[in-house]
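Values below: all heavy atoms of this structure, side chains included; hydrogens, waters and symmetry mates excluded. Proteins get letters first, then strands, A, B, ... in listed order; numbering begins at 1 in each.
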Amino acid sequence: MTVFDKSTEGRTGFFLPKEESYGYEPSDVLPENSVRKESPLLPQLSELQVMRHFTGLSEKNYSVDGGFYPLGSCTMKYNPRLNERIASLEGFSQIHPYQAEDTVQGALEVMYNLQNFLCEITGMDSFTLQPAAGAHGELVGMLLMKKYFELKGESNRKKVIVPDSAHGTNPASAVMAGFEVIEVPSNGNGRVDLRSLGEILDENIAGIMLTNPNTVGLFENEICEIQEMAHDKGALLYYDGANLNAIMGHARPGDMGFDIVHLNLHKTFSTPHGMGGPGSGPVGVKSILKDLLPVPVVRFDGSKFSLDYHLPNSIGKVRSFYGNFGVFLKAYAYILTLGGDGLKRASEMAVLNANYLRTRLSKLIPTAYPGLCMHEFVLKGSKLVSEYGVKTLDVAKRLLDYGIHPPTIYFPLIVDEALMVEPTETETKEALDNFADTFERILSEAKEDPNILKAAPQKTVVGRLDEATASRKPKTRWSKDT
Amino acid sequence: MPGFPYLPQTSRDIDEMLEVVGVKSVSELFKDIPEKFEVDISIPESKDEFSVLRDLSELSKNNVTLNDLSVFRGAGVYKHFVPSAVQAIASRGEFLTAYTPYQAEVSQGTLQMLFEFQTMICELTGMEVANSSMYDGASAAAEAALMAVRVRGGKKILLSEALHPEYIQTIKTYCFGSDIDVETVSFDSETGQIDIADLQKKLTVDTAGFVLGYPNFFGIIENLAEIRTRIGEKTMMIVSVNPIALGLLEAPGKFGADIVVGDGQPLGNSPSFGGPGLGFFASKESHIRKMPGRIIGETKDSDGRTGYVMVLQTREQHIRRNKATSNICSNHAFNALVASIYMSIVGSEGLREIARRSFDKAHYLTERISKTDHVRLVFTGPFFNEFVAQFDCDLEEFNRGLLKENILGPLELERFSKEMKNYGLICATEANLNEEIEFFAGRLEAIR
């Protein structure tokens, strides 16, 4: 039942202070056609009804708080509640972006310090916190490339290279900055194929976008060679920080020769995913690009923090104000709590957890690539099809019946029937064992009766939903008649 | 071993796990990283949560909070009364710590909530379809400009100069990326509304869309009916709205808007120094396949039970990659939840009352201003709850004085335009009680 079905005319959960009106009637003052004739149909409920409606909805959700959430490339680690508490302090949550600078020195200090922490963690020279999400950061990175080559008089560089294992946002972001995307294939070891890369690298390439470790959970161990090849041809190297959780505190993209980096504070730095967002996608650059960053940049003169809008070569703004400040606070608190030592430890435990789970699961179905992994790994589900007659999707749905969220499925595209598993460092060994045991149980079910998997899930509030019809004839809003 | 928060591995766990993996040490797991990149980062040592809380609470006191102020400043971020239940419900971990609803069967809470959110946005804007959120109003407006070019072809976008300056900057940046020409249309210096003659002059056959604010940045209500007629059907009318104003103003959909966007911060979200709020994005059914962002639809499961799924995913980057309608992946679903709870509590009557009070108080302020010679109402056009006043004193100094009396005064428009020295943008909402209005009006009248 939707919130609209529960609505009753004349009911409300809202009262305003009792006050006299000054007597200005919209219909007296405004042009006749500007005054709304028909009220928007919002639900009319008591506060308790609203509370119950949304509590009911929340109970239909899987969450990190509720259970293991090993989504590859999503870094579903625990979201510490200290961070939520800090972000909701009124001195942070109740401030206006256009207050005078001397009344928001605390906020600017947080931003300034966070920028510096991120520089230190990534080995970059300068950071902007403005992008609202990872993909938004990618767009900023691509716009920086475009502007950089425009200023250099190399507007011929209209192409960007992206590995075939890349996140879909990479090519989509490059296109939004006006670039043509060229795919470079992966080699048999799951890394960028250097020979193919050499063949497509020329003076028309603006940059290469890499995720490192990449989306199959492997470190691009030929990064030095890639870096040299790119820079020899005058191209820039872009680091997609989606997988920084694997190397945080151990190695830095800046040292590897990356020119532009975006981070996902909602992955690596523990801020909650909130059903899809808000995230935050800060972008770090080497000094050659620092004057091109979006405005404003936070400065500190030794006594006072300020916002600097005077970057003549800035790409401009990519959103209003300064970014998702509420998210910065959570990431900042996380960095302060874990400290340099804890950040390093976190990535170590993320990699250990992943390798432990990989070892256990690889006894059941093969991994896409042999050997050690970083913070995540990819299983090749094609064996499910050939041996058990079930698909990766069926295993995923059956996991739901056991109260476990499935891994990312059918990504990366280069692995057949892929299952991409990222346990994160905040899971216990018991949780990993439980996942492996459950996986094993599901495979034995598949052996006995594959229909159990094909009919899954059975224990969820709804079964498999008809997505095809939903997209063919989309019904995207509630209406009275139906 | 130091006890790091959030890391559950005991030394025994670690030994057992290393043995299963078949390596001797954790560092062996990092062998693919060339040794020369091994680094010790210089970040302060770990701290207990109580110390971090104490330090950051202290730091937060270096900010003056809106809770301690009478706020007469809006300009895109507004102080409204927010019922306590909004935060109480939204903070549930089942919402906060869930991922994007890719596994629909265990995400029905998220999906139904977003379906309801889309419905509410359609209702507010008078449009047929809405997506499940964007980052903010400015980026939503920029995405709308790109969509207009996708739908209509052409390579030019017109922007009202009376659109929020940060929206103008954002749209220009996006258009730089997509090689779209941008031109601005001036406003009438008398009324504060679009200069129709200038609009017609700049309108060409390759103009894909015209973006304007409703109310515009100066609080002025544009004549959407006339603008719709003047720009013709070939150019998309893209309207950026303040959602609260739509409790009282006619919905842009009624005037034939093609895309309506806006910022959802006023719908129960904290000001939070400008983010995160949310963007909303609504359009016509016929354009749904060209829209950016996630869209939720209703469907059935195999037993005929109603459920919700993400629809038309073939528009999106994870499927369509370089041919996607947008690169957006993370959105602002959590802020859409906050907005949904807020709208469910205030209801249609509540929203109208909030809008009516905001309108009433702002208009009363202009009445008071009309009695002083030192503050002048700049535009004659109809307005909602914000208006521009010219001060014949130093506005920054005036504001510093106000701050001492716990008032956040008019926004100095000089920060956007040198010609607007001592022009202030004044805002009133239902959260300005009458006694605050009277006090502030008194301060305006006291200017000499």
S.K.: Relative to chain B, which segment of A/T103 carries a heavy atom at a distance below 4.5 Å: side chain, backbone, both, or neither?
M.R.: both

S.K.: Is A/H167 close to chain B through its backbone or its side chain, or both, or neither, when contacts mean heavy atoms under 4.5 Å?
M.R.: backbone

S.K.: Hey, could you give me the CG/CE distance between A/L57 and B/M113, rounded to the nearest 0.5 Å?
M.R.: 8.0 Å

S.K.: Do any N or O atoms from the side chain of B/T173 and from the backbone of A/I315 form a donor-acceptor pair under 3.5 angstrom?
M.R.: yes

S.K.: CH2 of A/W478 to CD of B/E116: how many Å apart, nearest 0.5 Å?
M.R.: 10.0 Å

S.K.: Between the side chains of B/E166 and A/R319, is the shortest nitrogen-to-carboxylate-oxygen separation below 4.0 Å, so that they form an ion pair?
M.R.: no

S.K.: Heavy-atom pairs under 4.5 Å with chain B: which of A/R360, A/R252, A/H96 has the most?
M.R.: A/H96

S.K.: Hey, does B/Q103 have a side-chain heavy atom less than 4.5 Å from the side chain of A/L400?
M.R.: yes

S.K.: Check whether A/E427 gets within reach of chain B through its side chain, its backbone, both or neither, counting any heavy atom under 4.5 Å.
M.R.: backbone

S.K.: Would A/K77 count as a cation-pi partner of B/Y6, with NZ or CZ less than 6.0 Å from the six-membered ring centre and within 45° of the ring normal?
M.R.: no

S.K.: Does a side-chain heavy-atom distance below 4.5 Å link A/P278 with B/F334?
M.R.: yes

S.K.: Just say parallel, tilted or perpendicular for the rings of B/Y135 and A/H136, cut-offs at 30° and 60°.
M.R.: tilted

S.K.: Select, from A/A333, A/A177, A/G123, A/S93, the one with the greatest count of heavy-atom pairs under 4.5 Å involving chain B.
M.R.: A/S93

S.K.: Given side-chain hydrogen bond (donor to acceptor under 3.5 Å, both in side chains), test B/N327 with A/T169 step by step and report yes or no.
M.R.: CA-CA 5 Å; B/N327 70 337; A/T169 49; over 6 Å; no

S.K.: Evaluate the criterion side chain to side chain contact (heavy atoms under 4.5 Å, CB included) for residue pair B/L249 and A/L30; output intermediate values, then yes/no.
M.R.: CA-CA 9 Å; B/L249 297 187; A/L30 299 181; 3.8 Å; yes

S.K.: At a 4.5 Å cut-off on heavy atoms, which part of B/K31 comes close to chain A: side chain, backbone, both, or neither?
M.R.: side chain

S.K.: Where does B/L29 contact chain A at under 4.5 Å (heavy atoms): side chain, backbone, both or neither?
M.R.: both

S.K.: Contact part of B/L278 toward chain A, heavy-atom cut-off under 4.5 Å: side chain, backbone, both or neither?
M.R.: neither

S.K.: I need the B/S344 OG to A/E47 CD distance, nearest 0.5 Å.
M.R.: 12.0 Å

S.K.: Select one option (side chain, backbone, both, neither) describing which atoms of A/E90 are under 4.5 Å from chain B's heavy atoms.
M.R.: both

S.K.: May I ask you to decide if the ring planes of A/H250 and B/F30 are parallel, tilted or perpendicular, using 30° and 60° as cut-offs?
M.R.: parallel

S.K.: Taking the side chain as C-beta and beyond, is there a heavy-atom pair between A/V64 and B/L96 under 4.5 Å?
M.R.: no

S.K.: Looking at A/Y22, does the NZ or CZ of B/K361 lie under 6.0 angstrom from its six-membered ring centre and within 45 degrees of the ring axis?
M.R.: no

S.K.: Need one label for A/A87: side chain, backbone, both or neither, based on atoms under 4.5 Å from any heavy atom in chain B.
M.R.: neither

S.K.: Could you tell me if B/D136 and A/S320 have a donor-acceptor pair between their side chains, going purely by distance under 3.5 Å?
M.R.: yes

S.K.: Measure the spacing between CG of B/N399 and CD of A/Q99 and express it to the nearest 0.5 Å.
M.R.: 11.5 Å

S.K.: Tell me, out of A/Y69, A/F14, A/Y24, A/F92, who's got the most heavy-atom pairs with chain B below 4.5 Å.
M.R.: A/Y24

S.K.: Is any side-chain heavy atom of A/E467 closer than 4.5 Å to one of B/T299?
M.R.: no

S.K.: Out of A/A174, A/G277, A/G91, return the one with the most heavy atom pairs under 4.5 angstrom to chain B.
M.R.: A/G277

S.K.: Keeping A/S471 on the side-chain end and B/L312 on the backbone end, is there a donor-acceptor pair under 3.5 Å?
M.R.: yes

S.K.: Just checking, any donor-acceptor pair under 3.5 angstrom between side chains of B/T97 and A/N79?
M.R.: no

S.K.: Of the backbone (N, CA, C, O) and the side chain (C-beta and beyond), which part of A/L218 lies under 4.5 Å from a heavy atom of chain B, both, or neither?
M.R.: neither

S.K.: At a heavy-atom separation under 4.5 Å, does A/L352 approach chain B through its side chain, its backbone, both, or neither?
M.R.: both

S.K.: Give, as side chain, backbone, both or neither, the part of A/R11 having an atom under 4.5 angstrom from any heavy atom of chain B.
M.R.: neither

S.K.: What's the spacing between B/S139 OG and A/K317 NZ if we round to 0.5 Å?
M.R.: 11.5 Å

S.K.: Can you say whether A/M176 sits under 4.5 Å from chain B via the side chain, the backbone, both, or neither, judging by heavy atoms?
M.R.: both

S.K.: Within the side chain of B/D360, is there an N or O that forms a donor-acceptor pair under 3.5 Å with the backbone of A/G23?
M.R.: yes

S.K.: For the residue pair A/H273 and B/T100, establish whether any side-chain heavy-atom pair is separated by less than 4.5 Å.
M.R.: no

S.K.: In sequence, state the C-alpha distance, the side-chain angles, and the governing distance for A/I86 and B/L53, and then conclude on side chain to side chain contact (heavy atoms under 4.5 Å, CB included).
M.R.: CA-CA 7 Å; A/I86 283 166; B/L53 179 62; 3.9 Å; yes

S.K.: Give a yes or no on whether B/R356 atom CZ has more than 12 heavy-atom contacts from other residues, nucleotides or ligands under 6.0 Å away.
M.R.: yes

S.K.: With a 3.5 Å distance limit and no angle check, can you tell me whether B/N62 reaches the backbone of A/Q105 through a side-chain donor-acceptor pair?
M.R.: no

S.K.: Tell me, for A/Y98 versus chain B, whether the close heavy atoms (under 4.5 Å) come from the side chain, the backbone, both or neither.
M.R.: both

S.K.: How many angstroms lie between atom CG of B/D13 and atom CE of A/M349, to the nearest 0.5 angstrom?
M.R.: 9.5 Å

S.K.: Dump the intermediate steps for side chain to side chain contact (heavy atoms under 4.5 Å, CB included) on A/I247 and B/F37, then the final yes or no.
M.R.: CA-CA 10 Å; A/I247 61 168; B/F37 294 138; over 6 Å; no

S.K.: Could you tell me which portion of A/P406 (side chain, backbone, both or neither) has an atom closer than 4.5 angstrom to a non-hydrogen atom of chain B?
M.R.: side chain

S.K.: Run the salt-bridge test on B/E105 and A/R464 with the 4.0 Å N-O cut-off and return the result as yes or no.
M.R.: no

S.K.: Is A/P457 in contact with chain B via its backbone, its side chain, both, or neither, using a 4.5 Å heavy-atom distance?
M.R.: side chain

S.K.: Is there a side-chain contact between A/K60 and B/T110 (heavy atoms, below 4.5 Å)?
M.R.: no

S.K.: Take B/F273 and A/Y322 through the test ring pair (Phe, Tyr, Trp, His ring centres under 6.0 Å) and record every step on the way to the result.
M.R.: CA-CA 8 Å; B/F273 208 35; A/Y322 325 117; 4.8 Å; yes

S.K.: A/M142 versus chain B, heavy atoms under 4.5 Å apart: side chain, backbone, both or neither?
M.R.: neither

S.K.: Please check this pair: side chain of B/E298 against backbone of A/K475, looking for a donor-acceptor N/O pair closer than 3.5 Å.
M.R.: no

S.K.: How about A/P40 and B/L246: do any of their side-chain heavy atoms sit closer than 4.5 Å?
M.R.: no

S.K.: If you count heavy-atom pairs under 4.5 Å between each of A/F4, A/Y78, A/F54, A/Y62 and chain B, which one has the most?
M.R.: A/F54

S.K.: What I'd like to find out is whether the side chain of A/Q94 reaches to under 4.5 Å of the side chain of B/P271, using heavy atoms alone.
M.R.: yes

S.K.: Can A/K344 and B/V39 be said to form a side chain to side chain contact (heavy atoms under 4.5 Å, CB included), step by step?
M.R.: CA-CA 10 Å; A/K344 184 169 187 175; B/V39 70; over 6 Å; no

S.K.: Go through A/A107, A/G178, A/G281 and name the one with the most non-hydrogen pairs under 4.5 angstrom from chain B.
M.R.: A/A107

